[in-house]
Amino acid sequence: MSIPTGSQPNTATPLNQLQLTCHYRQLPDHHYQSLAPSPLNNPWLVSVNHDVAQKLGLDLSSLNPQELAEFACGQKLFKGSKPLAMKYTGHQFGVYNPQLGDGRGLLLGEHLGPDGILRDIHLKGAGKTAYSRFGDGRAVLRSSIREYLASAAMAGLGIPTTEALCIVGSTDTVLREGLHQPCATLLRVTPCHIRFGHFEHLYHNRKFDELTQLTNYVIHRYFPKSVETDNPPLALIREVILRNATLIAHWQAYGFVHGVMNTDNMSIIGETFDYGPFQFMDTYKAGQVSNHSDYQGRFAFKRQPDAMQWNLLCLAQCFMPMVSNDEKTAQSLLENEVRHFSKLYQQEYLTLMRQRLGLQIYEQQSVGQQSSVQQRKDADDSQLIEGLWRLLEAQKTDITLFFRLLSEVPAREQQNKLAKICTYPSAFELWLRQYHQRVTEDQQPETERLAKMQKANPVYLLRNHMAQEAIEQAGKGDMTLINELLRVLQNPFSYQ
Ligand code: AMP
Ligand code: MG
C-alpha cells in the first residue's frame with residue numbers, strides 16, 4: 001500500500017481547492033459504510049482554529065466564514081471527498097460491545113499538509129449512520145465547544161491529541177436530557193482515526209485475514225519502522241504501548257481526567273481521543289470521577305494508568321494470530337510487551353513531574369537497567385512528588401497556581417508567597433524544605449531552573465466554569481469568549 005509522504009509545496013490552498021484522498025478505502029468494505037453527511041440547516045461558523053488551518057495549509061487570507069460553515073456542516077463536500085463511517089467495536093466499562101462504530105461522525109478523507117503529514121478530516125455530528133443504533137447522529141453545541149477548546153488546550157500543553165479545525169452551529173436542535181439543544185458539527189483533524197476497537201472488531205469476528213490487512217495498513221501509515229523488524233506486528237504493539245504510556249503520563253502530570261476510557265475511545269497512535277465528560281482538575285483529587293455514569297469509579301483519575309493497561313491487554317489479544325503461529329508463544333510475547341507498560345509509564349511520569357518541579361532529569365536507561373543510585377534517586381523524587389499531591393489534595397490548593405508560584409518565585413520567598421494561594425501555608429513548610437534541599441543538590445542556578453519550569457507549568461488551564469461561560473455566550477451568538485480562550489490556551493505558558 002502506498003501512502004504519500006514528504007513535504008508538499010508550501011502554497012496556501014483555498015478551502016474549495018482542498019483535495020482529499022482516502023487510503024482507508026483500500027481496506028475491504030467490511031471496515032466501513034460509505035454515505036454522505038446529513039447537513040445541518042442554517043449553519044454559521046462558531047470558531048476556527050488558525051493553527052490547525054495552517055497545519056492543513058489552508059489559505060487563511062481567503063477564508064470565507066460562511067463557506068467554511070457550509071463545508072464543515074456537510075452541505076458542501078471537499079474535492080475528492082467520499083465520506084465513510086468506520087466500523088469498530090470495543091470494551092465499554094469492561095464489557096465487550098460488538099455494536100459500535102461511527103454513529104455520528106464521518107471520515108471525509110485525508111489531506112497532506114505542507115509539513116508532509118497526512119491528516120484525516122472527520123466530520124463529527126454528521127447525522128445517522130449504520131452504526132447509530134438508537135442515537136440521532138448529532139452533536140450538540142455544548143459538547144462540541146468543550147472538545148474544541150480542550151483539544152486546543154492539550155495541543156498547547158504539548159500533550160498528544162486530536163485537534164479541531166472549526167465548529168459550526170445551526171438552528172437545528174435535538175433532545176438531550178429532556179431539553180432541546182442546538183446542534184453543531186466539529187471538524188476533527190488528526191493523522192489517525194484508528195481505535196483499539198478497529199482491531200477488536202476483526203479479531204472477535206475471527207476475520208483474521210482482514211485483521212492482517214488492517215495491521216499492514218496501520219504499519220505502513222503510522223509505524224513504518226516496524227517493517228524493518230523480525231516481527232512487525234509485535235513491534236507495532238510495542239510502539240502503541242510506549243505511546244499510550246507516554247500519553248497517560250501526561251494526563252497524570254497535568255490532572256486530566258478523560259472519563260470514558262473505553263477501548264473504542266483509545267487511539268492507536270496514542271493521542272487524547274474522543275472528548276466526552278472529561279475534566280482538567282483545578283484542585284487535586286486522586287479519586288476524581290468526571291463521568292456521572294461511571295458509578296464504580298472505573299475511570300477515576302488515579303485509575304487511568306491501570307485502565308490503559310487493561311485496554312492495551314484487550315488490544316494485544318487481537319494480535320495473537322499475527323505475532324506467532326504458536327498460541328502459547330504469541331501469548332507470552334504479547335503479555336511481556338504489555339507488562340512493560342507500568343515501567344514505561346512511571347519513567348515518563350517521573351520525567352514530566354521533574355520538569356514541573358525543576359528537578360534535574362537523569363539519563364533514563366532501558367527498563368531493568370537502572371543503577372542502584374539512580375533507583376534511589378527515582379524513589380526519593382517519587383516520594384517527594386506523591387507527598388506534594390497528597391498535600392495539594394488535603395489543602396485543596398489550586399494546582400496551576402501552586403506550580404506557577406514554584407516556577408516564578410525564588411525559593412527563599414516561596415513560603416511567604418504561599419499565603420496568596422492557600423489557606424494554611426504552614427502545611428507546606430516541611431515539604432518546601434525537602435524540595436529546596438533537593439533543588440540545591442542539582443546545583444543549577446535558580447534563574448535557569450525557574451525559566452525552565454515556566455515552560456512546563458502553564459499559566460492557564462481550561463477551567464470548567466470558563467468553558468461553561470463560553471458555551472453560554474456562544475448560545476447567545478457571542479463568540480468573543482471562545483475565541484479568547486482558544487488564543488490563551490494555545491499558548492498557556494505565557495501571560496496574555
Ligand atoms: P462515545 O460514548 O461518544 O464514545 O460513543 C459510543 C458509541 O455511541 C459510538 O459508537 C458512537 O458513535 C455512538 N454515539 C454516540 N453518540 C451518538 C449519537 N448522538 N448518535 C448516534 N450514535 C452515537
Ligand atoms: Mg467514542
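If you read the sequence from its start, that first residue is 1, and numbering goes on from there. The analysis underlying the following values was restricted to heavy atoms, covering all of them including side chains, and did not include hydrogens, waters or symmetry mates. Counting convention: from 1, in listed order, for ligands and their atoms alike. Source: prediction; values computed, not measured.
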Do R195 and N265 have side chains that approach each other closer than 4.5 Å (heavy atoms only, starting at C-beta)? yes
Do the side chains of C22 and L84 get nearer than 4.5 Å, heavy atoms only? yes
Using a distance threshold of 4.0 Å (strictly less than), state whether atom 3 (O) of ligand 1 has a protein heavy-atom neighbour. yes
Considering all protein heavy atoms, does one lie under 4.0 Å from atom 16 (N) of ligand 1? yes
Does ligand 1 have an atom that lies less than 4.0 angstrom from a heavy atom of K87? no
Do K87 and D29 sit within salt-bridge range, that is, some charged N less than 4.0 Å from a carboxylate O? no
State whether E239 and R243 are salt-bridged, where the test is any N-O pair (Lys NZ or Arg NE/NH1/NH2 against Asp/Glu carboxylate O) under 4.0 Å. yes
Any luck finding a side-chain donor-acceptor pair between [X] and [Y] under 3.5 Å?
{"X": "H340", "Y": "N336", "result": "no"}
{"X": "Q468", "Y": "E472", "result": "yes"}
{"X": "E163", "Y": "S151", "result": "no"}
{"X": "S293", "Y": "N291", "result": "yes"}
{"X": "T162", "Y": "Y275", "result": "no"}
{"X": "N41", "Y": "T171", "result": "no"}

Per the side chain to side chain donor-acceptor pair (under 3.5 Å) rule, which among R221, H193, R119 passes with E110? R221
Measure distances from the Mg ion (ligand 2) and count the protein N, O or S atoms below 2.8 Å. 2
Within a distance under 4.0 Å of any heavy atom of [X], pick out the atoms of ligand 1 and give their elements.
{"X": "N265", "answer": "4 (O)"}
{"X": "R138", "answer": "19 (N)"}
{"X": "G137", "answer": "18 (C), 19 (N), 20 (N), 21 (C)"}
{"X": "R176", "answer": "19 (N)"}
{"X": "R133", "answer": "7 (C), 8 (O)"}
{"X": "L100", "answer": "7 (C), 10 (O)"}
{"X": "S132", "answer": "21 (C), 22 (N)"}
{"X": "G103", "answer": "12 (O), 20 (N), 21 (C), 22 (N)"}

Taking distance alone, with N or O pairs closer than 3.5 Å, would you say [X] contacts ligand 1?
{"X": "D136", "value": "yes"}
{"X": "G135", "value": "no"}
{"X": "V260", "value": "no"}
{"X": "D102", "value": "no"}
{"X": "Q92", "value": "no"}

Euclidean distance, R238 CZ relative to L334 CG, rounded to 0.5 Å: 10.0 Å
To which protein heavy atom is [atom] closest, and what is the distance rounded to 0.1 Å?
{"atom": "atom 23 (C) of ligand 1", "result": "R104 CG, 4.1 Å"}
{"atom": "atom 9 (C) of ligand 1", "result": "G101 O, 3.5 Å"}
{"atom": "atom 5 (O) of ligand 1", "result": "D264 OD2, 4.6 Å"}

Paired with H198, the ring-ring contact (aromatic ring centres under 6.0 Å, His included) test is passed by just one of Y32, Y88, Y217, namely Y88
Taking the six-membered ring for Trp, are the ring centroids of F93 and F299 within less than 6.0 Å of each other? yes
Residues 69-76 side chain polar contacts: donor-acceptor under 3.5 Å, at least two apart:
residue : atom : partner : partner atom : Å
E70     : OE1  : K76     : NZ           : 3.1
Q75     : NE2  : L40     : O            : 3.2

